[in-house]
Amino acid sequence: MSRMMIQAAVTMNQLQNKLDLIGHNMANSQTPGYKTRNSEFSSLLTQQIDNLRSPANAENRMTPEGVRVGTGAKLGAIVNDFSLGALQTTSRALDLALRNENHFFQIQTEDQGVTTTHYTRDGNFFLNPINEQEVMLTNSDGHPVLGQNGAPIIIANGFTGIEVRQNGEIIVERGDQQQVAGSIAVAEITRPHLLEAAGGNLFSLPDLGELGFTFAEIVQPVGVVEGLIEKGMLEQSNVDIAQQMADLLMTQRAYQFNARTISTTDQMMGLVNQLRS
């Protein structure tokens with residue numbers, strides 16, 4: 001197989017990954033709190049061929065001598081766009097939206113006995129019963145929402161109404177009285193670009209020690225602060241459908257060009273073989 005065919009085949013494989021990423025963005029264009037994922041490409045390998053030996057070749061030349069030949073491109077990184085999405089009014093008591101783009105709700109998940117804290121912008125919460133006497137505040141997948149004390153928010157049954165204040169306090173009505181049943185914890189991620197998609201509209205942090213950071217430097221708790229949360233609203237996805245369609249067309253055209261490179265090279269090699277025979 002020629003170098004040109006190898007380069008095209010490698011690039012096509014990586015372009016397919018970008019097409020999958022665009023499809024994922026478009027499929028989640030209506031998912032509350034979803035953040036657009038963008039792809040960045042880089043050269044897979046570049047070879048320098050020094051075939052210019054004459055001193056005259058260097059005259060008035062602005063670039064290094066020789067020929068630089070690439071062997072394809074790779075999907076170098078997937079970057080999350082954490083810009084704020086539009087806020088949609090739902091008037092639902094447990095629909096919450098965060099005002100600051102660096103703020104995240106904390107969700108507790110458990111996998112094979114290991115408990116992990118994830119982060120999300122999706123404030124579509126529910127009350128799920130855990131026994132006959134208590135209910136727990138969870139996300140749409142049933143994972144607990146953490147409170148200011150670092151534990152799931154559990155509320156005793158028997159209340160007739162519930163609301164969440166803009167400072168994150170959960171107020172329940174029991175008869176003629178109102179009680180504070182808990183307070184939703186909000187974390188500020190100082191370097192949100194470190195967050196990695198963990199599935200289910202959740203984000204996780206990598207091993208910060210390997211990156212030279214401490215957990216306290218990256219995750220800072222936000223206390224009970226007024227104006228922290230917009231109640232009765234949900235932050236919509238920040239996916240720009242027009243931009244995604246444009247990226248889709250450009251990626252498909254690049255895929256077609258590389259596929260044509262393979263077919264054209266194959267035809268040329270066939271002609272050469274016919275001339276030899």
Side-chain angles (χ1 to χ4, degrees), residues 11 13-43 73-90 95-107 109 116-125 139-141 143 145 185-208 210-213 215 217-220 222 227-230 233-255:
T11 305
N13 177 267
Q14 298 301 301
L15 288 172
Q16 182 61 57
N17 292 334
K18 182 174 182 178
L19 287 172
D20 294 341
L21 188 65
I22 294 173
H24 190 269
N25 286 335
M26 297 180 69
N28 286 278
S29 61
Q30 301 299 318
T31 301
Y34 178 82
K35 298 304 175 183
T36 304
R37 300 174 190 174
N38 299 314
S39 57
E40 293 184 354
F41 280 81
S42 59
S43 296
K74 68 174 182 178
L75 190 63
I78 297 176
V79 181
N80 296 304
D81 177 10
F82 287 104
S83 59
L84 287 174
L87 298 184
Q88 181 181 16
T89 301
T90 64
D95 281 347
L96 311 174
L98 294 169
R99 290 186 173 183
N100 191 308
E101 66 181 27
N102 288 343
H103 289 176
F104 292 82
F105 297 110
Q106 300 180 70
I107 307 296
T109 63
T116 308
T117 299
H118 289 92
Y119 306 91
T120 186
R121 297 279 302 181
D122 184 3
N124 186 23
F125 298 146
N139 68 352
S140 57
D141 292 327
H143 299 302
V145 179
V186 175
E188 179 178 359
I189 308 297
T190 58
R191 288 178 170 83
H193 65 276
L194 295 178
L195 290 171
E196 300 174 345
N201 210 9
L202 301 176
F203 295 95
S204 62
L205 284 170
D207 188 347
L208 297 177
E210 296 181 356
L211 301 177
F213 298 106
F215 184 81
E217 290 176 327
I218 304 301
V219 182
Q220 299 180 358
V222 180
L228 184 67
I229 293 174
E230 289 286 354
M233 305 183 76
L234 283 177
E235 180 186 0
Q236 298 302 295
S237 168
N238 66 352
V239 173
D240 186 344
I241 292 295
Q243 182 62 48
Q244 295 300 312
M245 288 297 297
D247 290 345
L248 177 63
L249 293 175
M250 292 180 61
T251 306
Q252 286 179 329
R253 185 60 58 87
Y255 191 94

Side-chain donor-acceptor contacts of residues 239-247 below 3.5 Å, not counting sequence neighbours, with atom names and distances?
from: D240; atom 1: OD1; to: A242; atom 2: N; distance (Å): 3.2
from: D240; atom 1: OD1; to: Q243; atom 2: N; distance (Å): 3.4
from: Q243; atom 1: NE2; to: D247; atom 2: OD1; distance (Å): 3.0
from: Q244; atom 1: OE1; to: N25; atom 2: ND2; distance (Å): 3.3

Donor-acceptor under 3.5 Å (R121 side chain, H103 main chain): yes
T36 OG1 to I22 CD1 distance, which is reported to the nearest 0.5 Å: 11.5 Å
Closest heavy-atom pair and its distance - Q220, E217: NE2-O, 3.9 Å
Test item: S140 side-chain N/O and N124 main-chain N/O as donor-acceptor pair under 3.5 Å: no
OG1 on T116 to NE2 on H143, rounded to 0.5 Å: 10.5 Å
Side chains of L205 and V219 in contact at under 4.5 Å (non-hydrogen atoms): yes
Minimum heavy-atom distance between M233 and T90, given as atom pair plus value: N-OG1, 4.0 Å
Reported CD-to-OG1 distance for the pair Q14 and T251, which is rounded to 0.5 angstrom: 12.5 Å
Test applied, side-chain contact (heavy atoms from CB on, under 4.5 Å); reference residue, E101; option that passes from I189, N238, L84: L84
CG on L208 to CD1 on I218, rounded to 0.5 Å: 5.5 Å
Closest contact, heavy atoms only, A187 versus V222: C-CG2, 4.3 Å
Sub-4.5 Å side-chain heavy-atom contact between T31 and N201: yes
Exam field: side chain N139 to backbone D122, donor-acceptor pair closer than 3.5 Å: no
Side-chain donor or acceptor of S237 paired with backbone N/O of P32 under 3.5 Å: no
CG on L96 to CD1 on I229, rounded to 0.5 Å: 5.5 Å
Taking every non-hydrogen atom, the tightest pair across L19 and Q252: CD2-CG, 4.0 Å
Side-chain donor-acceptor contact under 3.5 Å, H118 with S204: no
Any donor-acceptor N or O pair under 3.5 Å, side chains D81, S83: yes
salt_bridge(R99, E235) N-O dist < 4.0 Å: no
Parallel, tilted or perpendicular: ring planes of F104 versus F82, cut at 30 and 60 degrees: perpendicular
Beyond-backbone contact of T11 with L15, side-chain heavy atoms, under 4.5 angstrom: yes
Close side-chain approach of N38 to L21, heavy-atom, < 4.5 Å: no
Reference residue F105; test ring pair (Phe, Tyr, Trp, His ring centres under 6.0 Å); the match among F125, Y119, F203: F125
Between H24 and Y34, a side-chain donor and acceptor under 3.5 Å: yes
For L211 against P206, the heavy-atom pair lying closest together: CD1-CG, 3.8 Å
Verdict with reasoning, V186 to L228, per side chain to side chain contact (heavy atoms under 4.5 Å, CB included): CA-CA 9 Å; V186 175; L228 184 67; 3.7 Å; yes
Test side chain to side chain contact (heavy atoms under 4.5 Å, CB included) applied to T117 and I107, step by step: CA-CA 6 Å; T117 299; I107 307 296; over 6 Å; no
N80 side chain reached by H193 side chain, heavy atoms, under 4.5 Å: no
